[in-house]
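Worksheet for the structure shown next.
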Amino acid sequence: MGCQSIASKPEVNVSVENKSSRDIENVRARFGEYACSWGNVGRTFKAIYGLYPHPITAETELHWEVDGQSKIQKLDLREVYPPGKSGRLSFTVYDDSAEVSFRDLPQAK
């Protein structure tokens, strides 16, 4: 019996950081039919969803509310997230926009 290589699913943490001047509520990122939700994120706070279990799509919508008003920003992840890569996908919310970045994280062995 020989050794077999088992393809592993990438481990992706998804975070949101609130750099706006207000608290944000009902924060979620939609990846196709699935969503990653953080609830309410206070001003200057960061929330992390560890080991997101669903696929990361090429495009996402970030949803949040400020003072009862809904905000949505569509983000293209093709230039940010290399498919199949483990790491952290980070959304940053500002007063008038949001952006996304990705960085590798060291994996435990």
Side-chain angles (χ1 to χ4, degrees):
M1 181 175 230
C3 295
Q4 290 183 312
S5 174
I6 299 172
S8 63
K9 182 179 178 297
E11 295 181 350
V12 180
N13 297 323
V14 185
S15 70
V16 64
E17 185 172 4
N18 182 359
K19 288 191 173 183
S20 73
S21 61
R22 314 287 291 213
D23 291 345
I24 55 178
E25 301 173 333
N26 300 317
V27 184
R28 67 193 180 285
R30 290 207 57 80
F31 300 98
E33 63 184 90
Y34 300 103
C36 179
S37 298
W38 298 275
N40 301 341
V41 181
R43 188 174 55 85
T44 74
F45 282 84
K46 179 187 279 190
I48 299 171
Y49 189 112
L51 298 180
Y52 184 66
H54 303 291
I56 303 295
T57 56
E59 296 177 339
T60 187
E61 287 184 348
L62 187 66
H63 297 249
W64 71 98
E65 295 175 13
V66 177
D67 297 329
Q69 290 199 316
S70 294
K71 308 280 185 179
I72 299 174
Q73 182 152 347
K74 293 182 181 187
L75 298 157
D76 186 344
L77 302 181
R78 284 178 277 248
E79 305 246 343
V80 176
Y81 174 69
K85 190 91 166 157
S86 293
R88 175 166 297 153
L89 190 62
S90 301
F91 295 94
T92 305
V93 176
Y94 300 97
D95 283 328
D96 56 354
S97 66
E99 60 185 39
V100 63
S101 62
F102 178 79
R103 70 181 175 103
D104 292 338
L105 292 177
Q107 288 188 325
K109 297 199 181 203

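Only heavy atoms go into these numbers, but all of them, side chains included; no hydrogens, no water, no symmetry mates.
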Worksheet item: side chain to side chain contact (heavy atoms under 4.5 Å, CB included) between V100 and L62: does it pass, once the steps are laid out?
Response: CA-CA 10 Å; V100 63; L62 187 66; over 6 Å; no
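- Judged by distance alone, with hydrogens and angles left aside, the side-chain atoms of S86 form no donor-acceptor pair with the main-chain N or O of V12 at under 3.5 Å.
- With sequence neighbours excluded, the residues that form a side chain to side chain donor-acceptor pair (under 3.5 Å) with R22 are D67.
- Of all non-hydrogen atoms in L51 and E11, the two that sit nearest each other are CD2-CB, 3.5 Å.
- In this structure, P10 and G84 approach most closely via the heavy-atom pair CB-O, 3.4 Å.
- Under the side chain to side chain donor-acceptor pair (under 3.5 Å) criterion, Y34 pairs with no residue at all, not counting sequence neighbours.
- Scanning both residues, C36 and Y52, for their nearest heavy atoms gives CB-CE1, 3.5 Å.
- Here CD of E17 is found 5.0 Å from NZ of K46. Values are rounded to the nearest 0.5 Å.
- Clustering ILVMFWY residues whenever any of their side-chain heavy atoms sit less than 4.5 angstrom apart, transitively, puts I48 in a cluster other than the one holding W38.
- Salt bridge status for R28 with E61: absent, with no side-chain N to carboxylate O gap under 4.0 Å.
- T57 meets the side-chain contact (heavy atoms from CB on, under 4.5 Å) test with F31; sequence neighbours excluded.
- The hydrophobic cluster containing Y94 does not contain V27, counting ILVMFWY residues as joined when their side-chain heavy atoms lie under 4.5 angstrom apart, directly or transitively.
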Discussion item. Using side chain to side chain contact (heavy atoms under 4.5 Å, CB included), reason through H63 and N26 one step at a time and then give a plain yes or no.
Written reply: CA-CA 7 Å; H63 297 249; N26 300 317; over 6 Å; no
Practice prompt. Applying side-chain hydrogen bond (donor to acceptor under 3.5 Å, both in side chains), run through S15 and S90 and close with a yes or a no.
Written response: CA-CA 5 Å; S15 70; S90 301; 3.1 Å; yes
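- Closest heavy-atom contact between N18 and V41: ND2-O, 3.0 Å.
- The side chain to side chain donor-acceptor pair (under 3.5 Å) search around S21 returns D95, not counting sequence neighbours.
- Among residues two or more places apart in sequence or in another chain, the side chain to side chain donor-acceptor pair (under 3.5 Å) test is passed with D23 by none.
- The ring-ring contact (aromatic ring centres under 6.0 Å, His included) pairs that include a residue from residues 70-91 are Y81-F102, where partners are two or more places apart or lie in different chains.
- For the pair T92 and K19, the tightest heavy-atom approach, listed with the atom from each and the gap, is CG2-CD, 3.7 Å.
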